[in-house]
Structures are given as C-alpha cells and as structure tokens.
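Data first, discussion second: the structure below is written as structure tokens.
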Amino acid sequence: MPELPEVETIRQDLLPLLVGKRLQTPFRHIVDPHHRNLERAAGDRILGLSRRGKYLLADLGARELVIHLGMTGQLAVQAAPPPTFRHPCVSWPLDDGSVLWFNDQRRFGWLVVVDRGDHASIPTLHRMGPEPLGADFDPESFATAVARVRGIKAALLSQRLVAGVGNIYADEALHLARLHPGRGALDRHEAERLHAAIRQVLGHGILHRGTTFKDYRDGMGRYGGNQAFLRVFDRTGEPCPVCQTPIVKIRVAQRGSHLCPTCQSPGA
DNA sequence: CTCCCGTCCTGTGGGC
DNA sequence: TGCCCACAGGACGGGA
C-alpha cells in the first residue's frame, strides 16, 4: 500500500528516467475504467515529475498524467518488462526506446490524463489537504481541523486534513502521539502531538525508502527498509516499543488498526 | 454539505 | 491434500 513515503521514493527513482522523454502511443494490456484518456498524451514530452499526497503527477505541458498506485501498483522504466511484473496493465513506450511499465495485481490503481492542473475529475486530489512535510501543514491549522472531527483515524485516511497518510502511517503516527484511533475531537496538545508525529513517521519513512509490508517496491524494483522500524503496524501480539504491552488489532473506520491498549487508551 | 458503507480486485491463509 | 471462503485496503459513489 504505497503511501506518501513510498510514492516519494518512486518519484525520486523515476524522475531522471522520465524527464525529457516523449510519450508515444500507450498499450493497454487490460481494459480498466481506472485508466482514462491515456491516448490524449501520445506525443507529449514529460517536463517534470512531482507528487501530491499519494499521487504522482507527470507534467506534460498542456496536460498532466496523474498516477495513483492504489494497493499494488508498481512502475518501472526500462526496455523490457521486469520479470516480477505478472499483472501488466499499461506499457507506454518512450522516444528513447525505454518503456514506462505499469503493473497492478489488484487493480486499485489509477492512470488518468487531464488538462494540467484540472483535478476536478479526481475528487480526493481536488480536495487534498496540505503536504505534511511542507510549510502550510502548521500545528495551528491542524489543531483547528482536528478539533471538529468525529473519528481521528477516518479523518487522517480521508486525505483532507493532511495529504498522503494511509493505514500504515496513520497507525504509526497515532501510536507515537499516544492517541487511540477511535478518538473524536482532539484538544490543542493532542493535536500538536499528532502533527509532530505525522511529520516524524513520514519523514523517517522517506529516509528508509518506504515500507515493504508485502507488495511495495521502489522505482528500481527494490524493497523498502522502513518495515524494520514500525512501532505497531502488523505487530499484533508483539510488545509495545514503549511499555511492552502486547499490540492489539481492532477495526476502526472499516480498517484494521494496530495499537497499544496501554499507551493509547480510548478515553485519554 | 457530510457521513457511512458497499464496491472494485486477486492472492493468501485458515478451517474443515 | 484440496477446496472454499473470509480477508486485506484507497478511492469512489450512492444513499441517508
């Protein structure tokens, strides 16, 4: 499940392989409504590769290629398809003989060409909250926002309070901030703890080149390294790194949620 | 408008 | 051993 650190790692890997190259006619290996208007970008040159939350944005000048990797999406830029790409969805030749390969086992990923900056057809991107590692993700605005929420984990996953947090880093940040995922409105101190925790877990995730829980690979097909540093995610029954209480897994916001029942008591 | 929940998809693993 | 089914989850969209 690529979240902000994984997508940022892929962006850094692919940037030098894509910028300056011209997209040719894409080949669709499968029919999927998640892959929209790709033919519109045939002939466009890739001018830049940026990231917004979990979305990759390839700047095509008048247009933009928007990529969301979903659960299992993988990208590679090379002449032949990586042998591990057993579910190829789109292969997109570039003008230097290399190919942008998109592989997606569970097909929750999105590939969409839009007019540059026109995100109206992509609701989550359109309403995306501030970049967590940017200056406009400030504690004051965040505290105001989380003072109104019904469930803090659902709010984090919505992308509207802050960009790029998914299930893994939500659990990690909530544990670091000592907040139960089912908590409602947060007070000022709690909000400041969570704000700092989000920055820390995402920053460390990038430094470790992402978390490979199962499927994630970087832009060169390599595993991430952050899984060795996870505090609670997928550590059910293992001791809390703070107090040694066994980590439990519960359902919050329709998602599996890992937490320490001592550090993250529901009432605190 | 917001909130909640079903839907999409396939590999995996537990139960029998 | 082999089969079946529940489960995993990001974003969307329909209904309340």
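Numbered from 1 within each chain, the chains take letters A, B, ... in sequence-line order. Since the model is a prediction, treat every value here as computed from it, not as a measurement.
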- Task: Test for a donor-acceptor pair under 3.5 Å between the base of C:dG9 and the side chain of A:Arg106, counting only N and O atoms.
- Result: yes
- Message: Counting distance alone, no hydrogens or angles: does the base of C:dG10 have a donor or acceptor under 3.5 Å from a partner atom on the side chain of A:Arg255?
- Response: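 Result: at least one qualifying N/O pair found.
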- Is any side-chain N of the basic residue among A:Asp13 and A:Arg217 closer than 4.0 Å to the acidic one's carboxylate O?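 A:Arg217 and A:Asp13: not salt-bridged.
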- Item | Side-chain ion pair, A:Asp187 and A:Arg193, N-O less than 4.0 Å |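 Salt bridge flag = no for A:Arg193 with A:Asp187.
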Quick one: is [X] getting a side-chain N or O under 4.0 Å of the [N] phosphate, OP1 or OP2?
X	N	value
A:Lys54	C:dA11	yes
A:Gln159	C:dA11	yes
A:His68	C:dA11	yes
A:Gln105	B:dT10	no

What's [X] touching, base or sugar-phosphate or nothing? Going by heavy atoms closer than 4.0 Å.
X	result
A:His87	sugar-phosphate
A:Gly109	nothing
A:Leu69	nothing

Taking the minimum atom-to-atom distance to the side chain of [X], which one of [options] wins?
X	options	answer
A:Pro123	C:dC12, C:dG10, B:dG11	C:dC12
A:Arg107	C:dG10, C:dC12, B:dT10	B:dT10
A:Met1	C:dG10, B:dC5, B:dT12	C:dG10

- Query: Mind checking whether A:Phe229 and A:His208 have parallel, tilted or perpendicular rings, split at 30° and 60°?
  - Reply: parallel
- Message: So does A:Gly20 get a backbone contact from the side chain of A:Arg45, meaning a donor-acceptor N/O pair under 3.5 Å?
- Response: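 Side chain of A:Arg45 to backbone of A:Gly20: a pair is present.
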Find every protein N or O atom lying less than 3.5 Å from an N or O atom of nucleotides 1-3 of chain B, and list the pairs.
{"unit_1": "B:dT2", "atom_1": "OP1", "unit_2": "A:Arg160", "atom_2": "NH2", "d": "3.0"}
{"unit_1": "B:dT2", "atom_1": "OP2", "unit_2": "A:Arg127", "atom_2": "NH1", "d": "3.3"}

- With side chains defined as the heavy atoms from C-beta onward, is the minimum distance between A:Arg116 and A:Arg63 less than 4.5 Å? no
- Answer whether the closest heavy-atom distance between the side chains of A:Arg199 and A:Leu133 falls below 4.5 Å.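 When only atoms from C-beta onward are counted, A:Leu133 and A:Arg199 do touch, with a gap below 4.5 Å.
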- Starting from the 5' end of DNA chain B, give me the residue, A:Arg86 or A:Ala154, whose nearest nucleotide shows up first.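 Going by which nucleotide is closer to the 5' end, it is A:Ala154.
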- Item | Stacking check A:Phe108 vs C:dG10 (5.5 Å / 30 deg) | yes
- Comparing A:Trp110 and A:Met71 on DNA chain C - which has the more 5′ nearest nucleotide: A:Met71
- How close do A:Pro241 and A:Arg231 get, heavy atom to heavy atom, and via which atoms?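 Heavy-atom minimum between the residues: CD-O, 3.5 Å.
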Can you tell me the distance, in whole Å, between the [atom1] atom of [X] and the [atom2] atom of [N]?
X	N	atom1	atom2	answer
A:Lys153	B:dC4	NZ	P	15 Å
A:His126	C:dA11	NE2	C1'	16 Å
A:Asp104	B:dT10	CG	C1'	10 Å
A:Asp215	B:dC9	CG	P	18 Å
A:Leu111	C:dG10	CG	P	19 Å

- Query: Are A:Val77 and A:Leu15 in one and the same hydrophobic cluster, where Ile, Leu, Val, Met, Phe, Trp and Tyr link if side-chain heavy atoms are under 4.5 Å apart?
  - Reply: yes
